[in-house]
Amino acid sequence: MVTRDGAPWHYLDTGATAQKPQAVIDATVRAMGADYATVHRGVYARSAEMTLAYEAARRRVAGFIGGREDELVFTRGATEAINLVAQSWGALNLGPGDRILLSLLEHHSNIVPWQLLGQRTGVAIDVCPLTADGRIDLDAAERMLTPAHRLVSFAHVSNVLGSVLDVPRAVALAHGVGAKLLLDGCQAVPRLPVDVAALGCDFYVFSSHKLYGPTGIGALWARAEILADMPPWQGGGAMIDRVSFAGTTWAPAPTRFEAGTPAIVEAIGLAAAIDYVEGFGMPALQAHEAHLARTLRGELQRLNAVTLFGPEDGLGVVSFALDGVHPHDLGTILDEENVAIRAGHHCAQPLMEHLGVPATARASFGLYNDEGDIAALLRGIERTRRIFA
C-alpha cells in the first residue's frame with residue numbers, strides 16, 4: 001500500500017478495520033449506482049432485482065459461517081448484534097437469580113450490553129480469569145459455572161492478545177449447566193474458517209468491516225429455534241406481518257429483527273468481501289497471518305526493552321509495550337515513518353487493568369501484509385528507542 005504521496009504505507013491495524021479490496025469497492029459502487037433500488041417493497045423490475053441480490057447476500061454470508069439464511073440477521077455490526085441478543089433474548093429469559101459468565105479479555109461491546117441488561121433485569125455477571133499466557137481459563141470457568149448461569153459470552157479470538165478460545169470445550173461447559181453460548185467472532189471470522197453448526201454455539205456475531213467489507217453492517221447468527229422464540233427489539237417497517245391499532249403481528253425471523261430499510265449496498269459489499277477472501281483461501285489466510293505474527297513476536301523478543309502480551313500462537317495480533325514509552329508516543333513516531341498501528345486500551349479496559357498497563361501497542365495483520373511491513377515497524381521502534389534514550 002502507498003500514501004497519498006506515493007510513499008510506502010505499512011498498515012498494521014487490520015484488527016480495528018480492514019482495508020477494502022477493489023472488488024468490494026466495485027461491488028458497492030455498482031450497487032449504489034447502476035443497480036440501486038429499495039428492497040422488499042417495489043413491484044418494478046429493478047427493485048425486484050435488488051431484493052434478489054440482497055437476499056442472495058444473506059445466503060452468502062450465512063453459508064460462509066456454516067449457517068442457514070433463516071438464521072442470519074443483518075445488523076449494523078457486532079455491537080448491535082450483541083445488544084439485540086441482550087435486549088430480545090436476554091430481556092425475555094434472564095432475571096433476578098440468573099447469572100452471565102464473561103471473561104477478562106472481552107471487548108467492551110461484550111461487557112456493557114450485559115451490564116445494561118443487569119440494571120434492567122437483575123441478572124448478575126461473573127468474570128472468568130485468564131491463564132498465565134492470556135487465554136480464557138476454561139478450568140476456572142468449569143469451577144465457576146452453576147445451573148444459575150443462563151448465558152456464557154466469550155470472544156472467539158481476543159482483539160488484544162490474539163488468543164483463540166477452545167470452542168468445543170466452552171460449548172460443553174456452557175451446555176453442561178444448561179446455559180447458552182454466544183461467541184464474539186469479530187477477530188475470528190477474518191482469520192480462520194468458522195462453521196457455527198460444527199462449533200455448536202447458540203449465537204455468533206461479527207462485523208463486516210474487519211472482514212474487508214463495508215462499515216455499517218454485521219451479522220447475528222442464532223439457532224433457528226432460538227430466533228423463533230425471540231421478540232422483536234425495534235419496531236417499524238418490514239419487520240411486521242400486519243399492523244392495526246388493535247394490535248400488530250410480527251414477521252418471522254430473521255425479518256422480525258430488521259426494522260426499516262436495510263443496509264442494502266453494504267450487504268452486497270459484504271458478500272463481495274466474502275467472495276474475495278474465499279478466493280484467497282481461508283486456510284492460506286490463516287497460515288499467512290500466523291506466520292507474520294510469529295515472525296514479529298520473534299523479532300520483538302530479541303529487544304530487551306519490549307514486553308509482549310498474549311500467547312506465542314496468538315492469531316494475527318501482536319500486542320506489546322516499549323519500556324519508558326507510552327504507546328501513544330510510539331504510535332505517533334511510527335506514523336511519521338508511515339507505519340500505522342493501534343495504540344490504546346483497544347476497548348478492553350478491564351484487560352489493561354489485569355495486564356497492569358494503561359495501554360498497549362498493537363500490530364494486527366491482514367492478507368495484504370508482508371515481511372516488509374514488519375521491517376518498517378522494527379525500524380520505527382528502533383528510532384523511537386533512540387529518541388527516548
Side-chain angles (χ1 to χ4, degrees), residues 15 61-68 71-75 77-86 88-90 93 100-114 117 125-128 130 134-138 141-142 145 149-208 210-211 218-227 230 254 282 286 314-317 347-348 351:
V61 176
F64 178 64
I65 60 166
R68 305 197 316 252
E71 300 170 323
L72 197 287
V73 180
F74 281 129
T75 63
T79 298
E80 184 173 85
I82 294 174
N83 276 274
L84 192 165
V85 176
S88 177
W89 181 87
N93 290 282
I100 296 171
L101 182 64
L102 308 177
S103 85
L104 260 176
L105 58 67
E106 300 307 319
H107 190 281
H108 295 166
S109 294
N110 199 24
I111 300 174
V112 178
W114 307 117
L117 181 66
I125 295 173
D126 296 315
V127 182
C128 183
L130 307 182
R135 306 175 197 272
I136 297 175
D137 189 342
L138 293 182
E142 185 172 13
L145 283 168
H149 286 90
R150 303 291 303 283
L151 178 72
V152 177
S153 191
F154 286 162
H156 193 170
V157 175
S158 168
N159 73 309
V160 177
L161 305 176
S163 47
V164 182
L165 178 69
D166 180 352
V167 175
R169 188 177 178 204
V171 169
L173 292 177
H175 290 176
V177 296
K180 300 288 191 292
L181 177 67
L182 183 150
L183 295 178
D184 172 359
C186 283
Q187 300 295 330
V189 166
R191 293 189 163 86
L192 52 83
V194 171
D195 184 337
V196 290
L199 290 175
C201 58
D202 301 288
F203 304 99
Y204 201 95
V205 306
F206 64 96
S207 295
S208 162
K210 299 180 192 295
L211 185 59
L220 162 67
W221 173 88
R223 288 193 286 112
E225 62 270 24
I226 297 176
L227 279 181
M230 287 169 53
M282 288 303 298
Q286 181 179 358
L315 188 60
V317 175
C347 293
L351 176 57

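Just the heavy atoms: all of them, side chains too, but no hydrogens, waters or symmetry mates, feed the values below.
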Are the aromatic ring centres of F206 and W221 under 6.0 angstrom apart?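 Not close enough - the centres of the two rings lie 6.0 Å or further apart.
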I82 vs V205, test: side chain to side chain contact (heavy atoms under 4.5 Å, CB included). Steps then yes/no. CA-CA 7 Å; I82 294 174; V205 306; 3.8 Å; yes
Below 4.5 Å, heavy atoms only, C-beta onward: do [X] and [Y] meet side chain to side chain?
X    : Y    : value
L199 : V194 : yes
L220 : F203 : yes
L145 : V152 : yes
L227 : W89  : no
R169 : E142 : yes
K180 : R223 : yes
L101 : F154 : yes
Q286 : P193 : yes

Determine, step by step, whether M230 and L84 satisfy the side chain to side chain contact (heavy atoms under 4.5 Å, CB included) criterion, reporting the C-alpha distance in whole Å, the side-chain angles of both residues, the deciding distance to 0.1 Å, and the verdict. CA-CA 10 Å; M230 287 169 53; L84 192 165; 3.7 Å; yes
Once salt bridge (charged side-chain N to carboxylate O under 4.0 Å, His left out) is applied, what residue pairs with a partner in residues 150-162 remain, sequence neighbours excluded?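 Found D98-R150.
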Can you list every side chain to side chain donor-acceptor pair (under 3.5 Å) pair that touches residues 155-166, not counting sequence neighbours?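 Those involving residues 155-166 are H156-Y204.
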Would you give the length of the straight line joining atom [atom1] of [X] to atom [atom2] of [Y], rounded to the nearest 0.5 angstrom?
X    : Y    : atom1 : atom2 : result
L211 : Q187 : CG    : CD    : 11.0 Å
W114 : I125 : CH2   : CD1   : 9.0 Å
I111 : S103 : CD1   : OG    : 8.0 Å
L181 : C201 : CG    : SG    : 6.0 Å
L130 : L138 : CG    : CG    : 10.5 Å
L102 : D184 : CG    : CG    : 11.0 Å

Using every non-hydrogen atom in the two residues, find where [X] and [Y] come nearest and quote the distance to one decimal.
X    : Y    : value
G185 : P190 : O-CD, 4.2 Å
L173 : A141 : CD1-CB, 4.4 Å
G66  : A197 : O-CB, 3.8 Å
A219 : V61  : CB-CG1, 4.5 Å

Residues two or more places apart in sequence or in another chain: which of them pass salt bridge (Lys or Arg N to Asp or Glu O under 4.0 Å) with D126? R99
Would you find a donor on one side and an acceptor on the other, under 3.5 Å apart, between the side chain of H107 and the backbone of S109? yes
Donor-acceptor pair, E71 side chain versus R68 backbone, under 3.5 Å? yes
Under the side chain to side chain contact (heavy atoms under 4.5 Å, CB included) criterion, do H175 and D202 qualify, and how do the steps go? CA-CA 10 Å; H175 290 176; D202 301 288; 2.8 Å; yes
L105 and side-chain contact (heavy atoms from CB on, under 4.5 Å): which single residue from N110, I136, V160 fits?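 Only one of N110, I136, V160 forms a side-chain contact (heavy atoms from CB on, under 4.5 Å) with L105, namely I136.
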Could you go step by step and tell me if L182 and V85 meet the side chain to side chain contact (heavy atoms under 4.5 Å, CB included) rule? CA-CA 9 Å; L182 183 150; V85 176; 4.1 Å; yes
